[in-house]
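Everything below concerns the one structure shown next.
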Amino acid sequence: VQLQASGGGLAQPGGSLRLSCAASGRTLFSTYAMGWFRQAPGKEREFVAAVSWRGGSTLYANSVKGRFTISRDNAKNMVYLQMNSVESEDTAVYYCAAGTQYGSRRSLYDYWGQGTQVTVSS
């Protein structure tokens, strides 16, 4: 599966952004759990959110819980990350990922998109 993330940009603290990730390939999209990860300069790539194969279950990092929402549209082969009440600490490159298993560990995800930059600054 190929993944293309988009929607990053500049947001002010307290503002919102919506990231999108388009999936393509021969394998049925609904056979993949999907996740979002992020990597800030000088830091390890970290888990942000995950959604199960049909969207019935979601997981969030504690740092984004209550502010971010992950969702997917299997008919459109899309996964989204709605980011509300963003903070400067959310500044990072955001990556979408696909894997056959669902969870927060990076090792569960086999396919990665190219990343989209999110900058939160006044």
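For the pair Tyr60/Arg67, no side-chain contact is recorded, criterion being any heavy-atom separation below 4.5 Å from C-beta on. Taking the side chain as every heavy atom from C-beta outward, Val1 and Thr27 never approach each other to under 4.5 Å.
Taken from OG in Ser52 to CD1 in Ile70, the straight-line distance is 9.5 Å, to the nearest 0.5 Å. Here Ser30 contributes atom OG and Asp73 contributes atom CG; the two are 11.5 Å apart, rounded to the nearest 0.5 Å. Of the inter-residue distances, the one linking Ser85 atom OG with Glu87 atom CD reads 8.0 Å to the nearest 0.5 angstrom. Between the CE atom of Met78 and the OG atom of Ser20 there is a distance of 4.5 Å, given to the nearest 0.5 Å.
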>> Run Asp110 and Tyr32 through side chain to side chain contact (heavy atoms under 4.5 Å, CB included) and show every step you take.
In response: CA-CA 10 Å; Asp110 303 306; Tyr32 293 106; 5.8 Å; no
>> Checking Leu19 against Arg38 for the side chain to side chain contact (heavy atoms under 4.5 Å, CB included) test, could you report, in this order, the C-alpha distance in whole Å, the side-chain angles of both residues, the deciding distance, and whether it holds?
In response: CA-CA 12 Å; Leu19 305 184; Arg38 66 187 182 186; over 6 Å; no
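In this structure, Arg106 forms no cation-pi arrangement with Phe37, as its terminal cationic atom is not both closer than 6.0 Å to the ring centre and no more than 45° off the ring axis.
Put simply, the side chain of Tyr102 never gets that close to the backbone of Gly35: no donor and acceptor are under 3.5 Å apart.
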Would you mind writing out the side-chain donor-acceptor pairs for residues 112-122 within the sub-3.5 Å range, not counting sequence neighbours?
from	atom 1	to	atom 2	distance (Å)
Trp112	NE1	Tyr109	O	3.4
Gln114	OE1	Ala5	N	3.2
Gln114	NE2	Ala5	O	2.9
Thr116	OG1	Gly8	N	3.1
Gln117	NE2	Ala92	O	3.4
Gln117	NE2	Thr119	OG1	3.4

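A continuous path of Ile, Leu, Val, Met, Phe, Trp and Tyr side chains, each step under 4.5 Å between heavy atoms, connects Tyr111 with Tyr94, placing both in one hydrophobic cluster. Under a hydrophobic-cluster definition in which Ile, Leu, Val, Met, Phe, Trp and Tyr are linked whenever side-chain heavy atoms come within less than 4.5 Å, directly or via other members, Leu108 and Tyr95 are assigned to the same cluster. The same ILVMFWY cluster, assembled from side-chain heavy atoms under 4.5 Å apart, contains both Leu3 and Val48. Criterion: ILVMFWY side-chain heavy atoms under 4.5 Å apart, direct or through other members. Under it, Val86 and Tyr80 are not part of a common hydrophobic cluster.
Taking all atoms of both residues into account, the shortest heavy-atom contact from Phe47 to Ala61 is O-CB, 3.4 Å.
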